[in-house]
Every structure is written in C-alpha cells, then in structure tokens.
Protein chains: 2
Amino acid sequence: MRNPKRFGHLQDCKIAYFSLKEDVLFMPVTLKDVAAAAGCSVTTTSRALGGYDDVNEQTRERIITIAKELGYQPNVLARQLQAQRADTIGFVFPQAAHQPDDDFFSLLMKGISYVASNNQFDLLVSSQLTQEDELRAYQRIAAGRRVDGVIVARTLRNDPRIKYLKNNNYPFVVSGRSAPDEPDDFPYVDADSQAGIRQVVAHFIGYGHEHIGFISSPPELAFTEYRLHGYRDALAAANLPYRADYVVHGDLQRESGQQAAEDLLRRHPQITAIVSSNDAMALGAMAAVQSIGKQVGVDVAIGGFDDIPLARYSVPGLTTVRQPIYHIGELVAEMLIQIINGEAPEETGILLEPELIVRDSSGQPL
Amino acid sequence: MRNPKRFGHLQDCKIAYFSLKEDVLFMPVTLKDVAAAAGCSVTTTSRALGGYDDVNEQTRERIITIAKELGYQPNVLARQLQAQRADTIGFVFPQAAHQPDDDFFSLLMKGISYVASNNQFDLLVSSQLTQEDELRAYQRIAAGRRVDGVIVARTLRNDPRIKYLKNNNYPFVVSGRSAPDEPDDFPYVDADSQAGIRQVVAHFIGYGHEHIGFISSPPELAFTEYRLHGYRDALAAANLPYRADYVVHGDLQRESGQQAAEDLLRRHPQITAIVSSNDAMALGAMAAVQSIGKQVGVDVAIGGFDDIPLARYSVPGLTTVRQPIYHIGELVAEMLIQIINGEAPEETGILLEPELIVRDSSGQPL
DNA sequence: ACAAGTATCCAAAACGTTTCGGTACCTCAA
DNA sequence: TTGAGGTACCGAAACGTTTTGGATACTTGT
C-alpha cells in the first residue's frame, strides 16, 4: 500500500545528488558487506568491531580497516531493535511552546538535550497542538518502543499523560508536579513556586504595600494552586486580608497579563502592587500600567515568576523569582536516564528553592 | 558486554512502578500476541490492522477488538527497520544554541518541529559542543539510518557537514547558505542578509549619518561576508567611503557586541551610528552607548539584524531587520520532507526578503 | 598418543514488523 | 467436469544487528 520509494527523490531533483567520487547511488554498507570484503562471517565482523576478545588481533585490524574503507556505519535501528533499547528519550512540545515569545520550553528542552547528548542518548521531539494529540503522541513513542522514557512538562491536574505512563509502568520524569491535593507518586523536578510567590509578595508587603493584586494562571494547570497558596500565605503571615476580587486569571501569555492588570487597576484603584504567576503576564502587566499613564515601580509595583531572559532586559527590570529552567531540564533528563539505566535515583522528587530577584519594577519602599 | 537490563529500575526504585490493574510488570504486547489471541497468523493480523482488503471483515473486526483490548501498539523500530525508513528528521544543536539568551535556534527548532509533526515525522535532536562532535553526530544519525534526512544550521565557509552529506547523497536542507564565493549546490532557505544589512545602513544614511560603524561576525561563518557586503553596498550607493577601521568583529554574543561598540566609540568618537550583524550584539552595543553616558538614538543610533523578541521589548526598541526565523524553520522542514518523499521541491533555494523594522534606537533624522 | 585447554571462528536464532508468493476453498460459466 | 476467478488465509523471507551455543583446529602437559 504505502511504498515509500526511498531515494526516489534522487531521480527528479534538479540538484546533483550523485556522489563526487563514483557516479552511483548511495547504498548503505552493512555488516554483511564488510564481512564479505573481509572474508569472514558476519558474527566475527560484529564481534571484531564490538571489541570482543574472541577474535584474532590481526583479523580485527583487517576488519576495522575494511570497515573504515567502506565507510561502514552500523544501522542504529537494527541495533536498537535487537537490543530492545532505543537510547532515546522523548519530549512532547505542548501547544504553549509555540508562542513566539515562549522561553520556558525552549530552555527546558535545551537543558534536556544537553544532558541527553552527554549520556549518549538522543532526544526525540514531537509537537502537538491539542491535549488529545499530546496523549496520543506519548502513547505512540512510548508504547511503540520508540524511546526508553519520556519527559512530561506542564502538568495538569489529574494529568492523563501521567496516568497513562504510570498504568503502563513506563519510565518517565515530570518537570513540575501534581496539584497540592493530588499524590506526587512519580519522579519529578520542580521549583517550589509556593515559596517563590510567597517571597515576592512578602517583599512587596515589606515595602509597605497593602493592596496587592494577583494574576493567576489557568486552574487546570497543576502549579496554579501552589502559586495562589504562596500569595495567600504571604498575606496571612502579614495579617493582611485575602480578597478574592484581587485575584484574576490569565492564560500565561503576555496579552492576558495586560488585560488582567487593566481590569484589576480599573476595578480597584487602591491596588499598588501586582504579582503575576509568570513573567510573561507580568511584562504584560507592566505594559498595562504604562498604558494608563502610570509608572511601574513608582505608582504600581510589579512582580513575576520565572526570570526569563526578557525579565532582565525589560525597562524597568522585572522583579521576579528565578526558576532555573535550563537546570531543571538537566535534572529531569539526568533522573530519567538513571531510571532507564536501572539505577535508583537518590531523590525521586526534587524541589528547588527559587531565588527572589529584585529589580526596578519593585520601586522603593513606600 | 553491555547488558542493559531493561526494567531493571523497577526493582530498586522506591516508587511504585506496578500497574494498578494487574500486579505484573509491563511487557509490550506484540503482533504475535494479538495473533495468538485472535487465533490467526501474524500475517493476517498485520494485514487486518493495516487495512488490506484480503482479510474477511469479521476477522478484521475481531482482530481489531483484541488488539485494542490488549493495548497493542506497533513497535516503531521494527516497522522502521523493515520499511527502511525512519520517518524522522534530524537536527543538531550547535554549541551556540546553549547560550542562555539564544533565541535563534530555539525558534528555528520550533518551526522545524511543528512542520515535522504535522507531516507525521518525528524530530531527532542532538546537542553537540564542538565542530568535530557535530560532524560525528551527523554521521551517526544519518549514515546509521536513524533519520531520513537532516537539517543543517549555521553554515560555515567550506562546511564539512555539507561536504559529508553531499558526498553521501544524504537528504539534507540547509538553513542558511554558502559564503558568496562558494557554490550553492544544495537545497537551502535563507534570508537575504546582504539586502537586509544594506537596508538598515541605508536607513541610517538617509537619516544623515556619515560615520557608521559595523560590528561583524566571525569570519568562518558563511553569512558574515554577505552582511559585510550589505554594509559596503549601502556606503557605496551613497558615495560614502568604506573604512576598514570602522569594522570590528564580535562572536555574535551580547557581551562581544558591548566590547566592540566600546572599542569603536573610543577609537572613533565621530561615529554616530553602529550597525551590528545580529541583534544580540546590537543590544550589547546599546548597553555600551549607555555605559559611557550617551543616549541611544540621540547620540548614537543602533541597528541590528534578526528581530529576536528582545529587540521589540528593549528600551529603546531596537531598529533591526526581521528575519522570520520560525518560518525559515518551517520552510526548511517542508523542503526536506518533500525531498525525502521523493517529490522535487519547486524551489531548491529560497531566499527571503527581510523587512526593515524601525524602532526608537534609530532616533530622529540628524 | 591422548585428554584437556585455548584461541578463533561461525551458523542460527532472535528482535517485531511487512511483504512475497503461495495454497485451499468456493462459485460460476462453459 | 473443468477451469477460471475470487476470497481468505498463511509460511517464510527480509530488514541489519547482536547473542547464543557450539564447532574446529591448534597447543600443551602427561
């Protein structure tokens, strides 16, 4: 039915696809070819190249020479099939990653990729635009033995991906963790965002702010409640009342942060500080403040969470909480590779302390 | 020798890796299992699932039901080995991608990933920190049949990767292209950076600037000469002299741009505008101007190339030339997939016209 | 001269799929 | 009754490795 015609493109493509040396189509050279050229069996060839000691040194050298001459490269797929191991980890980009401004998933992915390559693992990346596609993508690459384990990012409450992977005993590590009321019975790496938001809110309270708005994230995300808790914790610790109408929800994108901040400031002019669940929305909030003719850090203080690169370079600089995203990617990948290799990771749940970064969007103490 | 012990981790890991339903280790169910359960041959099972019409409709339904019940997922590796096709494209992150501020490769990768997924291709990503490792990575995944084709980014003059891929007739597409004095005998997608830099320099000349510095990129990069040409073209068109001492080299990172701009301004105080080969260095140049107490856009105008997200949000906004990086990623991936599928792409060399984006770093006409 | 040991090699099976070339049976027309 | 044509099925080979379990020949010690 499907007959892919490998190398079909060689015929019609205008560009010269012919080797410079021989006018012949490239045919992969296999172990069999090397064996034939060396005059010995496939087994011996394999073992010679594999460094086993039951092959004569002279033979080995001959085989190695010939393999090099022929440009032999082992077929990775065949090797993986036989080894029942893909030496690959999988990562699915959620839709949010495709926002042009997204830094989070880019950084996470690079951290993952770096560690994977350092451990001779490849990284298989898939982009999916809907929740269902995403789950299907995990099923395909995981159950299809395409990868030895997967990394799950941006957890949802009651996350179907985690449920699936757990049910099937499939190796995985989560960047993020469950919502507070759910069990954390899987390996994860996360920043303690409750403590993080608490820090930045406490920082503003310390500056004398009493009316502090909060831009929250979509309720279906697992981390949303942690950050909201952090906000409430800080208020409670300072004996400030929690007001539900000081909390608005955004979708983590910059624009929604701008919208949310405009709403907050219009409805509650007494608000002098706004803390946002993430930096992108905080930057939008800064724009909102500026658009109504007020000054960030003077009239309204703004705080975020993440410390994406933009936070440092925005004007004024954004006070925020640093979440080491690249490093989280590294840790997640390391943990997954340990699990795949059958080594028990020392810790199966890593919670990183985030760090408050004070910049000019905080303004001065009132 | 190497005996990976798949599922070894299940024994020691503290976390419950046992299925909720059955207290049994997850064993992948194969076609053979389904066939046995359905009481027919592997062949028939395969063809039933494959939608071939030489199997009785009743049988097919029975097989499909059983396959679902058993949670059958085809082993992708086996399928790929037999089909001699990986349905995967490869991309190697160069070292530069791991700079925390890098936006270029992140965006390119996302564009690639998006198109790949839309065409049922997976994307294999590898990170390599040196030139040699990078070439080896290409050899391993390409000649090892791990991927059906690869994407090459950040081309060098006389790029060994391109030479290798061309010599082996391996499907590839380049993001970028050869240096001006080298042949472009391979499929590529690039922005016309010569025209782009020409535009921004001409823009400054139009504003009345006569002493314009240029921060160039490392000479081993293929695009360096194009951008330098663009600078010279614009000067020549306006009958302004080209002065070699107005040109300094950076390494594309922000810090080197700052360094370079400081040098330029110290050595040639008459310079009133600086154009940089890329945005990151231009942002560094803005910092340099500010650090010597001058104002960007007033005392010294700054221009960049790329239009990374930061360019819009910096203060003042950076005048630059927009290179649609995400879109280039999409085009590159589309072209590669066409080639892999044996369809001749309409164009094998796409040169995109970049767009001048004037922001406040240009200042006003003198 | 024989047994035991050692060095070197290899055929066959296995990994899980798809495809090739059948076979067996049934039905219909001549 | 025969042959043609169609339907439904399947065994075996193939993809390119690695591993298993010998086999062969040579050496060594008695």
Side-chain angles (χ1 to χ4, degrees), chain A residues 1-7 27-63 67 70-87 140-141 143-146 148, chain B residues 1-7 27-63 67 70-87 140-141 143-146 148:
Chain A
M1 225 161 188
R2 194 182 72 162
N3 201 355
K5 281 200 310 171
R6 200 156 188 356
F7 301 115
M27 281 308 278
V29 17
T30 73
L31 213 44
K32 199 156 53 161
D33 301 328
V34 178
C40 59
S41 76
V42 170
T43 304
T44 303
T45 314
S46 170
R47 315 211 99 218
L49 262 21
Y52 286 75
D53 57 2
D54 62 348
V55 21
N56 184 291
E57 272 314 315
Q58 261 178 307
T59 317
R60 183 199 309 283
E61 273 165 34
R62 182 163 39 96
I63 289 177
L70 264 44
Y72 169 72
Q73 285 278 5
N75 181 313
V76 187
L77 292 175
R79 189 179 266 187
Q80 289 174 347
L81 176 62
Q82 128 78 29
Q84 292 288 83
R85 194 187 215 268
D87 284 320
R140 195 174 55 82
I141 64 174
R145 311 278 113 184
R146 188 76 210 279
D148 299 316
Chain B
M1 227 164 183
R2 194 182 73 163
N3 201 356
K5 282 201 309 172
R6 202 156 187 355
F7 301 115
M27 281 306 280
V29 18
T30 73
L31 214 44
K32 199 156 55 162
D33 301 328
V34 178
C40 59
S41 76
V42 170
T43 304
T44 303
T45 313
S46 170
R47 314 211 99 218
L49 262 21
Y52 285 75
D53 58 2
D54 62 348
V55 21
N56 184 290
E57 271 313 315
Q58 261 176 306
T59 316
R60 183 199 309 283
E61 273 165 33
R62 183 163 40 94
I63 290 177
L70 263 44
Y72 169 71
Q73 286 278 5
N75 181 313
V76 186
L77 292 175
R79 191 180 264 186
Q80 289 174 347
L81 175 62
Q82 128 78 28
Q84 292 289 81
R85 194 186 215 270
D87 283 320
R140 194 174 55 82
I141 64 174
R145 312 278 112 186
R146 189 73 212 280
D148 299 315

What is the distance, rounded to the nearest whole Å, between atom [atom1] of [X] and atom [atom2] of [N]?
| X | N | atom1 | atom2 | answer |
| --- | --- | --- | --- | --- |
| A:Q82 | D:dT17 | CD | C1' | 6 Å |
| A:D54 | C:dC10 | CG | C1' | 10 Å |
| B:R60 | D:dC9 | CZ | C1' | 13 Å |
| A:L77 | D:dA14 | CG | C1' | 15 Å |
| A:Q80 | D:dC15 | CD | P | 19 Å |
| B:R85 | C:dT18 | CZ | P | 15 Å |
| B:R47 | D:dG11 | CZ | P | 14 Å |
| A:D33 | D:dG16 | CG | P | 9 Å |

Measuring to OP1 and OP2 of [N], would you say a side-chain N or O of [X] lies under 4.0 angstrom away?
| X | N | result |
| --- | --- | --- |
| B:N56 | D:dA8 | yes |
| B:T44 | D:dA8 | no |
| A:Q84 | C:dG16 | yes |
| A:Y52 | C:dT8 | no |
| B:R79 | C:dT18 | yes |

By nearest-nucleotide position on DNA chain D, the 5'-leaning member of B:T43 and A:T43 is B:T43
Name the residue closer to the 5' end of DNA chain D, choosing between A:Y72 and B:R62 according to the nucleotide with the nearest heavy atom. B:R62
Nearest-0.5 Å distance, CG of residue B:N75 to CZ of residue A:R146: 10.5 Å
Where do [X] and [Y] come nearest, in terms of heavy atoms and distance?
| X | Y | result |
| --- | --- | --- |
| B:R140 | A:V76 | O-CG2, 3.9 Å |
| B:L49 | B:I63 | CD1-CG2, 3.7 Å |
| A:R60 | A:R47 | NH1-O, 3.9 Å |

Could you tell me whether the side chain of A:S41 has a donor or acceptor atom within less than 3.5 Å of a complementary atom in the base of C:dA11? no
Heavy atoms only, 4.0 Å cut-off, all strands: where does A:V42 land among base, sugar-phosphate and nothing? base
So A:T30, base contact, sugar-phosphate only, or nothing? Heavy-atom distance under 4.0 Å. sugar-phosphate
One pair to check against side-chain contact (heavy atoms from CB on, under 4.5 Å): B:L31 and B:Y72. What are the steps and the verdict? CA-CA 8 Å; B:L31 214 44; B:Y72 169 71; 3.5 Å; yes
When you measure from the side chain of B:L81, which nucleotide among C:dC9, C:dG16, D:dC9 comes out closest? C:dG16
